[in-house]
Structures are given as C-alpha cells and as structure tokens.
Amino acid sequence: MERDSKSTVIVTGASSGVGLQAAKALTKMGWHVIMACRNLEKTQKAARDVGIDPENYTIIHLDLASLDSVHKFVNDFRATNKALDALVCNAAVYLPLLKEPQRSADGYELSVATNHLGHFLLCNLLIEDLKKSELKDPRVVILGTVTANRKELGGKIPIPAPPDLGELKGLESGFKEPVAMIDGKKFKSGKAYKDSKLCNLLTMKELHRRYHDSTGIIFSSLYPGCVATTPLFRNHYPLFQKIFPLFQKHITGGFVSEELAGERVAALVSDPKYNKSGVYWSWGNRQKDGRASFSQETSSEANDDRKARRLWELSEQLVGLA
Ligand code: NAP
C-alpha cells in the first residue's frame with residue numbers, strides 16, 4: 001500500500017457545487033483527493049476550471065445509483081494502492097418536479113437510491129480501508145440538510161411534506177415498483193429527497209454507534225448553509241432557480257457561497273476542532289461573517305436509535321450486504 005506524505009480523501013459528487021469546492025479546499029490543505037464522480041470528462045473540466053493542481057487529485061468513476069458501480073469503484077480505488085484517511089459522502093440528486101418516480105439500475109426510487117443506499121454501501125465497504133488509516137482520527141463526513149431536520153424551521157416546511165420515514169414499510173416491502181417511498185405511501189418527489197437526507201443523518205449516527213469506539217473513526221454530518229447557486233436545483237422551475245438565490249441572500253440571510261460551503265466540508269475532514277463523532281454541525285440559518293459552528297439538535301426521528309438500527313438492517317438487505 002502506498003503511504004505518501006499526503007493523506008487521501010474520497011469526495012463523492014466532486015464534479016460541481018459543494019463537492020467540487022470541498023475537493024479544491026482539501027487539496028489546498030495538503031490532501032490528495034479522489035474525486036468519485038459519474039461523469040469523468042465533466043469532472044476533469046470542473047477541476048481544471050477551478051484551478052485544482054492535477055498532482056493533487058485522481059478521478060475515479062462512481063455511479064451511486066448502481067450497486068455494481070459502487071463495488072467497482074471500491075475495487076478501482078484499492079487498485080491505486082493509496083491508503084484511505086477520510087470519506088466525504090456529498091453527491092445527491094434533488095428531483096422536486098417529478099410526478100412519477102425514476103428508478104436506479106437496481107430498481108429503487110432514484111433519490112433514495114443515490115443519496116442514501118449508494119452511500120450506505122460505499123461506507124460499509126470502505127470502513128475496512130479507513131480502519132487501516134495511520135491518522136489518529138480518520139473521518140467520514142456525510143452531507144445533511146436543514147429540510148431533513150424537523151428541529152429546524154426548514155424541516156417543518158409542509159411542501160410537499162416534512163421528512164417522515166414512518167415505520168419503513170416501503171423498505172420492508174423491497175422498495176421496488178410500485179413502491180417508491182420509504183414509508184410505503186404515495187410518491188412525493190420533494191419528500192423523497194428529504195427522507196433520503198434524513199437517512200444520511202440516521203446512517204451517520206448508526207455508523208458512530210457501531211464503529212466509533214472500536215475504530216476511532218470520527219463520523220459527522222453538516223448543514224453547510226443554503227448554497228442556492230449549485231446545480232442541485234437544476235430540476236426545479238427556471239423561475240425558482242432565478243429567485244431562490246436572491247431570496248436566500250436578501251430575505252432569509254441563509255445564503256452561503258459554494259466556496260465557503262466547500263471550506264466548511266473540508267474543515268470537518270481535517271480541522272482538529274471537528275474531532276467529535278456523532279455530531280451534526282451547523283452554522284445556523286442566518287449567515288454572518290465569522291459565524292461559529294455549533295452542534296445542531298436533531299429531530300426525535302433522527303434521534304430514534306431503534307429506527308436507525310432498523311433502517312441499517314433494511315438497507316443492508318437492499319444493497320446485498322445481508
Ligand atoms: P450539485 O452541485 O448538484 O452536486 C451534486 C453532485 O452529486 C454532482 O457532482 C453530481 O454529479 C453528483 N451525483 C448525482 N447523482 C450521482 C450519482 N448517481 N452518482 C455519482 N454522483 C452523482 O449539488 P450541491 O448543492 O453541491 O449538493 C452537494 C451536497 O450538499 C448534497 O448532499 C446536498 O444534499 C447537500 N446540501 C446542499 C445544499 C444546497 O443549498 N445546495 C444545502 C444543504 C445540503 P453530476 O455532475 O454528474 O450531476
């Protein structure tokens with residue numbers, strides 16, 4: 001195994017937005033970044049456009065909406081012989097206008113498949129690699145969001161519904177056609193995204209419970225602020241895409257730039273300040289210069305250990321680990 005002077009971090013979805021800027025910030029901090037992306041050419045161009053030194057990154061193909069692709073990615077990463085010191089689960093799709101569900105290669109609803117199940121499998125496979133890190137505290141950072149946490153105003157928004165995994169009936173019944181929601185109820189595309197991000201939070205907490213004490217790995221999540229300019233909103237109404245950044249800048253004050261959001265992710269990966277496991281970090285909903293981060297309280301559903309364990313077991317079955 002190659003052990004060079006640089007630590008290595010995998011960042012999923014590093015071809016745009018927060019992931020691209022996190023990759024850039026991490027290379028500036030001295031990390032080698034594995035950009036795990038589904039479109040190699042786009043990623044190469046994006047890395048060049050933002051000026052990331054080609055010495056400091058490697059692009060490896062990963063389509064999180066395909067379980068085969070996740071396995072292949074892990075094999076391809078291992079073939080580089082690099083040690084793994086951190087993993088950032090950042091990639092996501094948000095498909096708020098869909099009337100009918102889209103499906104992953106494995107037949108699962110696409111946003112839960114990409115945002116949760118693909119990352120769930122990736123984390124499970126790469127735990128073994130992270131255990132071998134020579135860093136004192138290797139880290140896994142999973143992107144969260146305010147709209148998945150009912151403890152925050154954004155998580156209470158009833159359009160189309162707040163996040164709610166119910167009793168996980170949809171997952172229990174196999175999560176394939178005609179099932180499209182984790183709770184087994186009627187498909188609501190915007191809620192599917194919120195549910196998938198709630199799964200990200202529950203997964204972080206369950207990873208912490210299962211692995212932190214025995215491995216020393218730090219598991220954490222963050223809400224980086226409202227990064228209203230990223231392509232995450234590309235599937236929304238064009239008018240929404242125009243107004244949303246202005247609304248967040250001038251009305252709510254929740255807006256952060258892609259650069260700042262990326263720096264926040266990078267800080268969770270490498271700053272000793274964030275060496276606490278099981279924490280969901282936030283900078284609040286009103287951004288101010290120099291605003292300090294804090295450990296954000298999470299909803300009763302996100303704190304439900306029984307649900308986290310059940311989600312874990314069902315996810316293991318759906319990704320073929322059980
Ligand atoms: P973005 O610019 O759209 O980035 C999403 C990334 O995910 C892209 O690189 C995209 O790749 C990748 N991706 C999508 N489907 C994939 C798949 N099947 N396999 C591999 N990669 C895939 O969005 P963003 O705003 O930076 O979002 C990054 C993270 O921040 C997400 O987890 C999101 O939930 C979180 N977040 C964002 C905000 C915000 O306000 N924007 C707020 C809170 C949290 P392509 O380039 O190939 O499409």
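Both ligands and their constituent atoms are indexed starting at 1 by order of listing. We count residues from 1, following the sequence as given.
- Between Lys151 atom NZ and Glu301 atom CD the span is 13.0 Å, to the nearest 0.5 Å.
- Of all the atoms in ligand 1, the ones that sit under 4.0 Å from a non-hydrogen atom of Thr114 are 15 (N), 16 (C), 17 (C), 18 (N).
- A tilted orientation is assigned to the rings of Phe120 and His116, their planes being inclined by 30° to 60°.
- If you check which protein heavy atom lies closest to atom 20 (C) of ligand 1, you get Leu62 O, 3.2 Å.
- Within the 4.0 Å heavy-atom cutoff, Ala46 does not count among the residues contacting ligand 1.
- No donor-acceptor distance shorter than 3.5 angstrom exists from the side chain of Ser277 to the backbone of Ile218, with no hydrogens or angles considered.
- Annotation: Ser16 places an N or O atom under 3.5 Å from an N or O atom of ligand 1; distance criterion only.
- Two rings, from Trp281 and Tyr274, have their centers less than 6.0 Å apart.
- Ranking the protein heavy atoms by distance from atom 5 (C) of ligand 1 puts Ala92 O, 3.6 Å first.
- At least one heavy atom of Val93 sits closer than 4.0 Å to an atom of ligand 1.
- Ligand 1 has no nitrogen or oxygen under 3.5 angstrom from a nitrogen or oxygen of Thr145.
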How far apart are the C-alpha atoms of Glu258 and Arg264, what are their side-chain angles, what is the distance that settles it, and do they pass the salt bridge (charged side-chain N to carboxylate O under 4.0 Å, His left out) test?
-> CA-CA 10 Å; Glu258 294 172 35; Arg264 287 175 174 175; over 6 Å; no
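- Atom CD1 in Ile60 sits 12.0 Å away from atom CE in Met35 (nearest 0.5 Å).
- Remark: Arg150 CZ to Lys194 NZ distance equals 9.0 Å, nearest 0.5 Å.
- The ligand atoms of ligand 1 that sit less than 4.0 angstrom from a heavy atom of Ala65 are 18 (N).
- Of all atoms in ligand 1, numbered sequentially from 1 with element shown, those under 4.0 Å from a heavy atom of Gly17 are 2 (O), 26 (O).
- The closest approach between a heavy atom of Glu258 and any atom of ligand 1 is not below 4.0 Å.
- Here the two rings, on Tyr223 and Trp283, have centers that are 6.0 Å apart or farther.
- Contacts between Val146 and ligand 1 below 4.0 angstrom, taking non-hydrogen atoms only, are absent altogether.
- In this structure, OG1 on Thr12 lies 13.0 Å from CD1 on Ile34, to the nearest 0.5 angstrom.
- No side-chain donor-acceptor contact under 3.5 Å links Lys72 and Asn75.
- Remark: aromatic rings of Phe233 and Phe244 are close, center separation under 6.0 Å.
- Between Glu259 and Lys24, none of the side-chain N atoms (NZ, or NE/NH1/NH2) sits under 4.0 Å from a carboxylate O, so this pair counts as no salt bridge.
- Checked against a 3.5 angstrom limit, the closest N/O atoms of Gly19 and ligand 1 fall outside it.
- Close approach of ligand 1 to Arg234 (heavy-atom distance below 4.0 Å) involves ligand atoms 3 (O), 48 (O).
- Considering both main-chain and side-chain atoms, Cys37 never comes within under 3.5 Å of ligand 1 through any nitrogen or oxygen pair.
- Only one option out of Thr147, Asp164, Asp183 pairs with Lys191 in a side-chain hydrogen bond (donor to acceptor under 3.5 Å, both in side chains); it is Asp183.
- Here the shortest heavy-atom distance to atom 16 (C) of ligand 1, taken over Arg38, Lys194, His119, belongs to Arg38.
- Looking at every heavy atom in both residues, Thr43 comes nearest to Ala14 through CG2-O, 4.4 Å.
- Contact atoms of ligand 1 toward Leu143: 29 (C), 30 (O), 32 (O) (distance under 4.0 Å to a heavy atom of the residue).
- Closest to atom 42 (C) of ligand 1, if we only count protein heavy atoms, is Gly225 O, 3.5 Å.
- Protein heavy atom at the shortest distance from atom 37 (C) of ligand 1 is Leu232 CD2, 3.9 Å.
- Remark: of the listed residues Val227, Val50, Thr230, Val50 is the sole one forming a side-chain contact (heavy atoms from CB on, under 4.5 Å) with Gln21.
- The structure places CD1 of Ile52 at 5.0 Å from OG1 of Thr27, a figure rounded to the nearest 0.5 Å.
- Looking at atom 21 (N) of ligand 1, its nearest protein heavy atom turns out to be Ala91 CB, 3.6 Å.
- Shown in contact with Lys42 at under 4.0 Å from a heavy atom are these atoms of ligand 1, numbered in order with element: 45 (P), 46 (O), 48 (O).
- Among all non-hydrogen protein atoms, the one lying nearest atom 25 (O) of ligand 1 is Thr230 OG1, 2.5 Å.
- Look at Cys226 and you'll find a heavy atom under 4.0 Å from some atom of ligand 1.
- Taking any N or O of Pro224, backbone or side chain, none lies under 3.5 Å from an N or O belonging to ligand 1.
- Nearest protein heavy-atom neighbour of atom 31 (C) of ligand 1: Asn90 O, 3.0 Å.
- When only non-hydrogen protein atoms are considered, atom 11 (O) of ligand 1 lies nearest to Ser15 OG, 3.3 Å.
- Closest heavy-atom approach to atom 40 (O) of ligand 1 within the set Asn200, Val256, Thr43, Val227: this belongs to Val227.
- Residue Tyr193 holds the heavy atom nearest to atom 33 (C) of ligand 1 of all those in Tyr223, Phe73, Tyr193, Tyr94.
- Using modelled atom types and a 3.5 Å distance limit, the side chains of Lys197 and Asn149 yield no donor-acceptor pair.
- Under a 4.0 angstrom heavy-atom cut-off, Ser66 registers as lying outside contact with ligand 1.
- Residue Pro231 has at least one heavy-atom neighbour below 4.0 Å for each of these atoms of ligand 1: 2 (O), 3 (O).
- Within ligand 1, the atoms closer than 4.0 Å to a non-hydrogen atom of Gly144 are 43 (C), 44 (C), numbered from 1 in the order shown.
- A salt bridge does not link Arg139 with Asp85: none of the charged nitrogens is closer than 4.0 Å to a carboxylate oxygen.
- Residue contacts with ligand 1: Asn39 is placed with no nitrogen or oxygen under 3.5 Å of a nitrogen or oxygen of the ligand (distance criterion only).
- Ligand 1 is approached by Phe233 to a heavy-atom distance shorter than 4.0 Å.
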